[in-house]
Amino acid sequence: MATGEGGQSPAVSSPPDVTVVVASMNRRDELLSTLSRHEAPVVLVDNGSTDGTVEAVRTAHPGATVIPLERNEGAAARTRGVEAAGTEFVAFADDDSWWAPGDLARAVKIMRAHPRLAVLNARILVGPEERLDPVCADMAGSLLGTPDDLPGPALLGFVACAAMVRTEAFRAVGGFDAVVRFPGEEERVALDLAAAGWGMAYVDEVTVHHHPSPRRDAPARRQAAIWRSRVLTGLMRYPAAALPGLLLRAVRAGEPGLRGLARAARHVPAALPRRRPVPARVWDDVQRLAAA
C-alpha cells in the first residue's frame with residue numbers, strides 16, 4: 001500500500017491550483033537534479049525503486065509529497081499522483097524533464113481561458129542544445145486544425161511528460177490505467193477525452209525541457225512495449241473492423257511487433273471487459289491523422 005508525506009515543493013513561487021506530478025523508478029540522480037526546477041508543489045510517485053530514491057528525495061527535497069509504491073504500476077502511478085494532488089490542474093513531468101520558468105503559470109492561464117481544453121501539450125526542447133522534439137512539428141501541423149475554442153492545433157494524443165491536464169477531465173476518463181501501463185499510455189486517455197467532447201491542443205508558447213536519461217530501455221525493447229500498449233488500446237477502444245489491420249501491422253513490424261503482441265496477449269482478459277469503442281466521429285479523426 002502507498003504511504004505519503006505532505007508538503008510543498010522546493011519552488012519559491014507557484015501558480016495557484018496546479019501540482020507537478022512525477023512518476024519514477026530507479027532514477028534517483030535525475031530526480032535529485034530536476035525536482036528543484038519545478039515552480040509548483042510536487043507529488044512524486046515512486047514505482048518501487050530499489051536505488052534509494054525515496055529516502056534520497058525525502059532528505060534532499062523535504063517539501064515534496066512522496067508516494068512510494070511496493071511495485072511498478074507503470075503510468076497508473078501518475079493517476080495516483082493526480083488523486084493526491086487535489087488541484088484543479090496537474091502538470092506531468094518525468095524525472096528527466098521540467099517546465100520552463102514561468103510556463104506553469106502561463107499554461108494555467110491558458111487552460112482557464114479555454115474551458116473545453118482538457119490537455120495542453122507544450123513545446124518540447126531536448127537536451128542541453130535545446131533541439132525541438134520532432135513530435136512538436138507533427139502536432140503543430142495537425143490536420144485537425146485549430147478550433148475557435150482551443151488555443152492551438154487540435155490533437156488526438158499527447159506526450160505525457162509535457163502535458164498539463166484539467167483534473168476534472170482526466171479523472172472522468174479514469175486517468176492512466178493498469179492495463180496499458182507504459183509507454184504509449186496516452187492514446188487510450190486521449191481517445192476517451194475526445195469521445196467525451198473534451199479538447200486537446202498543442203501550445204507552442206509553453207515550453208518543457210527534456211534531458212533524456214541515459215537509463216533508458218534499448219530501442220527494440222521500447223518499441224515492443226509501444227506495440228503492446230497500442231494493441232491493448234485497440235482492443236479497448238478501436239472499432240471491431242479495425243482490429244485485424246492493427247494486428248497485421250504489429251506482425252509486419254517484425255520482432256518488436258511480435259514481442260509486443262506476445263506481451264499484450266497476457267493482458268487480454270483485463271482489456272476486454274473495458275472495451276468501449278470510440279464514437280464514429282472520433283474514429284474518423286483517428287483515420288485522418290493516420291493517413292497523413
Side-chain angles (χ1 to χ4, degrees), residues 14-21 39-40 78-79 82 85-93 99-100 102-125 132-177 185-208 233 236-239 276-292:
S14 64
D17 300 323
V18 64
T19 302
V20 176
V21 169
E39 295 179 332
R78 292 198 191 103
T79 304
V82 172
T87 48
E88 184 177 0
F89 306 105
V90 165
F92 292 122
W99 291 67
D103 278 7
L104 284 174
R106 183 173 292 108
V108 166
K109 185 176 180 179
I110 293 169
M111 296 285 284
R112 288 198 185 283
H114 298 85
R116 192 171 72 88
L117 183 64
V119 178
L120 180 156
N121 203 116
R123 177 179 61 156
I124 306 167
L125 299 182
L132 184 68
D133 191 311
V135 73
C136 294
D138 293 337
M139 291 189 289
S142 172
L143 294 179
L144 302 181
T146 302
D148 292 340
D149 60 350
L150 294 182
L155 305 176
L156 200 49
F158 59 96
V159 181
C161 75
M164 180 177 287
V165 300
R166 190 179 302 272
T167 301
E168 171 195 1
F170 182 81
R171 293 181 64 185
V173 300
F176 298 117
D177 61 68
E185 71 277 14
E186 298 96 340
E187 183 183 9
R188 198 278 304 158
V189 174
L191 290 174
D192 283 0
L193 287 170
W198 290 101
M200 293 158 277
Y202 174 66
V203 180
D204 189 69
E205 60 263 35
V206 178
T207 298
V208 164
T233 297
M236 290 192 287
R237 296 294 182 265
Y238 288 13
R276 294 191 304 276
V278 296
R281 60 177 175 78
V282 174
W283 186 246
D284 287 344
D285 284 343
V286 171
Q287 291 181 303
R288 286 177 62 195
L289 294 173

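The shortest distance between side-chain heavy atoms of M236 and D177 falls below 4.5 Å. In this structure, N121 and V203 have side chains that are not in contact, with every pair of non-hydrogen atoms separated by 4.5 Å or more. At least one side-chain heavy atom of R78 sits less than 4.5 Å from a side-chain heavy atom of E185. Side-chain contact between V286 and L156 is present, with at least one heavy-atom pair separated by less than 4.5 Å.
Across all non-hydrogen atoms, the minimal contact from G157 to A190 is CA-CB, 3.7 Å. Across all non-hydrogen atoms, the minimal contact from V135 to I124 is CG1-CD1, 4.2 Å. Minimum interatomic distance between L193 and A118 (heavy atoms only, all atoms of both residues): CD2-CB, 4.1 Å. Taking every heavy atom of both residues into account, A85 and V90 meet most closely at CB-CG2, 4.1 Å. Between V208 and C161, the closest heavy-atom pair is CG1-O, 3.7 Å. The minimum heavy-atom distance between A163 and V119, with the atom names listed, is CB-CG1, 3.9 Å.
A search for side chain to side chain donor-acceptor pair (under 3.5 Å) contacts involving T167 returns nothing, not counting sequence neighbours. Applying the ring pair (Phe, Tyr, Trp, His ring centres under 6.0 Å) rule to W198 yields no partners; only residues at least two apart in sequence or on another chain are considered. Under the side chain to side chain contact (heavy atoms under 4.5 Å, CB included) criterion, R276 pairs with D192, R237, sequence neighbours left out. In this structure F158 satisfies the ring pair (Phe, Tyr, Trp, His ring centres under 6.0 Å) test with no other residue, sequence neighbours excluded.
Separating the CG atom in L117 from the CE atom in M111 is a distance of 4.5 Å, to the nearest 0.5 Å. In this structure, the separation between CD1 on I110 and CZ on F89 is 11.0 Å, given to the nearest 0.5 Å. The line from CE of M139 to CG of D133 is 7.0 Å long, rounded to the nearest 0.5 Å. Here the CE-OG1 distance, from M164 to T19, works out to 9.5 Å after rounding to the nearest 0.5 Å. Going from atom CZ of R166 over to atom CZ of R171 covers 14.5 Å, rounded to the nearest 0.5 Å. Taking CD from E186 and CZ from F176, the interatomic distance works out to 5.5 Å, rounded to the nearest 0.5 Å.
Among the candidates C136, P151, S142, the single residue satisfying the side-chain contact (heavy atoms from CB on, under 4.5 Å) test with Y202 is C136.
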Would V82 and F92 count as a side chain to side chain contact (heavy atoms under 4.5 Å, CB included) here? Give the steps.
CA-CA 9 Å; V82 172; F92 292 122; 3.8 Å; yes
With side chain to side chain contact (heavy atoms under 4.5 Å, CB included) as the test, would you mind laying out the steps for L144 and L289 before giving the verdict?
CA-CA 8 Å; L144 302 181; L289 294 173; 3.9 Å; yes
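Counting only residues at least two apart or in different chains, side chain to side chain donor-acceptor pair (under 3.5 Å) contacts with residues 146-162 comprise R116-D149. Within the structure, salt bridge (charged side-chain N to carboxylate O under 4.0 Å, His left out) contacts touching residues 280-292 (residues at least two apart or in different chains) are D285-R288.
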